[in-house]
Student: 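Below is a structure I'd like to ask you about.
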2 protein chains.
Amino acid sequence: MYERLRAYFQNKLAMSEAQFEAIKQVLTPKSVRKHELVVWQGEVERHGAFVVKGCLRSYVVADKKGKEHIIQFAPENWWISDQHSMLRGLPAMFSIDAVEDAEVLLFGPDFFPLLQTLGSDFQAFFHTLLQNSMAAMQRRLISTLSATAEERYLEFLQMYPTLVQRLPQRMIAAYLGVTPESLSRIRKELARS
Amino acid sequence: MYERLRAYFQNKLAMSEAQFEAIKQVLTPKSVRKHELVVWQGEVERHGAFVVKGCLRSYVVADKKGKEHIIQFAPENWWISDQHSMLRGLPAMFSIDAVEDAEVLLFGPDFFPLLQTLGSDFQAFFHTLLQNSMAAMQRRLISTLSATAEERYLEFLQMYPTLVQRLPQRMIAAYLGVTPESLSRIRKELARS
DNA sequence: CTCATTTCTTACCCTACATCAAGGCGCCAG
DNA sequence: CTGGCGCCTTGATGTAGGGTAAGAAATGAG
């Protein structure tokens with residue numbers, strides 16, 4: 001389990017054995033079954049995860065209608081968490097669950113203070129990670145504001161070509177912000193050409 | 001000019017005189033006239049800003065139609081920049097200009113390395129700032145995906161009650177992702193009740 | 001294998017918002 | 001004061017995508 005994390009850090013961040021041990025201390029390996037929840041929207045006691053195998057997602061149930069909206073997919077080698085709420089001890093803004101059976105390394109609120117002690121390379125690394133997420137989020141917002149559902153679907157195909165086969169369509173629809181019916185129509189239309 | 005920045009840091013971050021001096025070194029005061037551009041979408045040489053007075057905005061011209069989409073408004077005491085592109089020397093993802101005549105403190109790519117040298121309190125502070133933006137962005141994305149234009153307008157009123165009077169409606173529309181015509185109709189409808 | 005449940009597709013109609021077009025109201029320059 | 005130019009409003013019409021419903025296909029459980 002931990003080997004995958006070490007491999008992930010290769011070429012990204014120079015790390016001593018002691019540092020890696022310290023990180024292992026605050027990470028708990030866990031198998032998560034498909035549909036199993038890792039975080040409940042609204043709960044205070046909770047975790048984030050590094051995905052070793054399988055795929056998780058974070059999502060909110062926003063509407064009175066109970067409609068789901070997916071914020072992020074996290075396949076292998078992705079981090080997923082609600083940092084904002086976690087660090088402040090606030091109720092989680094969204095839920096996290098497994099889209100496929102998965103192997104993850106869970107971390108709690110103590111993960112971030114630990115990073116502080118591991119030196120500025122670590123801080124910089126995770127800061128960069130956050131910046132990348134932010135940039136991705138901005139691009140997605142713009143796309144949601146300015147592009148049609150079909151254009152967004154094509155962008156999604158480009159961005160996550162491997163995920164498309166692994167995810168049920170209703171989840172892609174929930175990510176794009178359209179109904180499964182609409183996505184079905186879009187795919188039909190694209191197939192015609 | 002710098003006094004406003006010092007006041008801003010009060011209660012947020014303990015800071016020595018020497019640290020403040022170091023920050024001053026990398027900040028350039030500037031007056032920006034309404035409509036004046038601080039950053040051009042696509043340019044590589046560029047700045048971010050701390051807004052002392054007035055209001056800036058970041059926006060993209062996404063469509064072939066030349067339609068503007070506003071990512072962020074930055075009134076007094078806000079930071080605005082394209083960190084992601086700036087740190088990597090990439091072309092800016094969006095433009096930044098002044099919505100009102102403004103006084104700002106400009107910083108360049110050298111700002112972030114400096115923060116590293118100022119100790120982990122500083123890093124933590126700006127990390128938190130980034131997390132807050134991220135959380136706000138996520139909320140906005142969800143809102144864009146799940147709420148009607150009217151609901152988003154009401155959220156905007158709640159979130160930025162003072163800004164509403166200062167901004168032309170077409171900019172609020174560009175922020176919400178609707179046409180000025182639609183926003184006008186929404187306001188009319190709300191006024192009736 | 002078989003039945004049940006979930007997921008996907010297709011069809012029909014409806015709604016929120018866009019687009020287009022015209023007119024009114026500031027606001028500033030001369 | 002007057003003409004021009006943004007900005008906001010209002011109306012008429014168009015359209016992307018939603019809601020609903022029903023059937024087909026896939027997936028899963030016993």
Side-chain angles (χ1 to χ4, degrees), chain A residues 33-36 54-55 57 59 61-70 73 97-101 142-157 163-193, chain B residues 33-36 55 57 59 61-70 97-101 142-157 163-193:
Chain A
R33 308 294 302 276
K34 190 171 176 173
H35 297 141
E36 188 178 340
C55 186
R57 83 217 242 245
Y59 65 100
V61 181
D63 303 340
K64 28 259 145 193
K65 305 288 179 191
K67 218 160 112 188
E68 279 178 11
H69 292 282
I70 296 179
F73 292 111
D97 73 1
V99 171
E100 306 168 337
D101 289 350
I142 295 306
S143 166
T144 307
L145 291 175
S146 64
T148 64
E150 176 171 327
E151 287 166 334
R152 276 178 282 141
Y153 177 63
L154 291 172
E155 283 170 22
F156 183 85
L157 290 184
L163 274 186
V164 182
Q165 293 103 0
R166 292 165 62 178
L167 299 171
Q169 277 176 218
R170 31 174 295 279
M171 288 204 186
I172 300 178
Y175 180 93
L176 296 177
V178 298
T179 58
E181 292 92 330
S182 290
L183 181 56
S184 177
R185 283 184 277 261
I186 288 165
R187 285 166 48 86
K188 183 187 178 187
E189 190 54 31
L190 288 172
R192 282 205 322 113
S193 42
Chain B
R33 308 293 303 275
K34 192 171 174 171
H35 298 140
E36 188 179 339
C55 186
R57 82 219 243 243
Y59 65 100
V61 181
D63 304 340
K64 28 259 146 194
K65 305 289 179 189
K67 219 159 111 187
E68 280 178 11
H69 293 281
I70 296 179
D97 73 1
V99 170
E100 305 169 338
D101 290 349
I142 296 307
S143 166
T144 307
L145 291 175
S146 65
T148 64
E150 177 172 326
E151 288 166 334
R152 275 179 282 140
Y153 177 63
L154 291 172
E155 283 170 20
F156 183 85
L157 290 183
L163 273 186
V164 182
Q165 292 103 1
R166 292 165 63 178
L167 299 170
Q169 277 176 217
R170 28 176 296 279
M171 287 204 185
I172 300 179
Y175 180 93
L176 296 177
V178 298
T179 58
E181 292 94 327
S182 289
L183 181 55
S184 176
R185 281 186 269 262
I186 287 165
R187 286 166 48 86
K188 183 186 176 187
E189 192 54 32
L190 287 173
R192 282 204 323 112
S193 40

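Letters A, B, ... are given to chains in the order of the sequence lines, protein chains preceding strands, and every chain is numbered from 1. Below, all heavy atoms of this structure are taken into account, side chains as well, without hydrogens, waters or symmetry copies.
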Student: Roughly how far, to the nearest 0.5 Å, is the CD atom of B:Q169 from the CG atom of B:L176?
Tutor: 10.5 Å
Student: Measure the distance from CG on B:L176 to P on C:dC17 and round it to the nearest whole Å.
Tutor: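 So the CG-P distance, B:L176 to C:dC17, works out to 11 Å.
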Student: How many whole angstroms separate atom CE of A:M171 from atom P of C:dC8?
Tutor: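 Answer to the nearest Å: 9 Å.
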Student: Verify side-chain contact (heavy atoms from CB on, under 4.5 Å) between A:L190 and A:E150, making sure each step is shown before the conclusion.
Tutor: CA-CA 9 Å; A:L190 288 172; A:E150 176 171 327; 3.5 Å; yes
Student: At under 4.0 Å between heavy atoms, how does the protein contact nucleotides 11-30 of chain D? Give one character per nucleotide, 5' to 3', with B, S or -.
Tutor: BB----SBBB-------S--
Student: To the nearest Å, give me how far apart CG (B:L167) and P (D:dC8) are.
Tutor: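 Going from B:L167 (CG) to D:dC8 (P), I get 10 Å.
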Student: Are the side chain of A:D97 and the backbone of A:E36 linked by a donor-acceptor contact shorter than 3.5 Å?
Tutor: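 Checking the backbone N and O of A:E36 against the side chain of A:D97, no donor-acceptor pair under 3.5 Å is found.
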Student: Classify the ring geometry between A:F156 and A:F73 as parallel (under 30°), tilted (30 to 60°) or perpendicular (over 60°).
Tutor: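 Answer is perpendicular, since the angle exceeds 60°.
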Student: Residues two or more places apart in sequence or in another chain: which of them pass side chain to side chain donor-acceptor pair (under 3.5 Å) with A:S143?
Tutor: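 A:E155.
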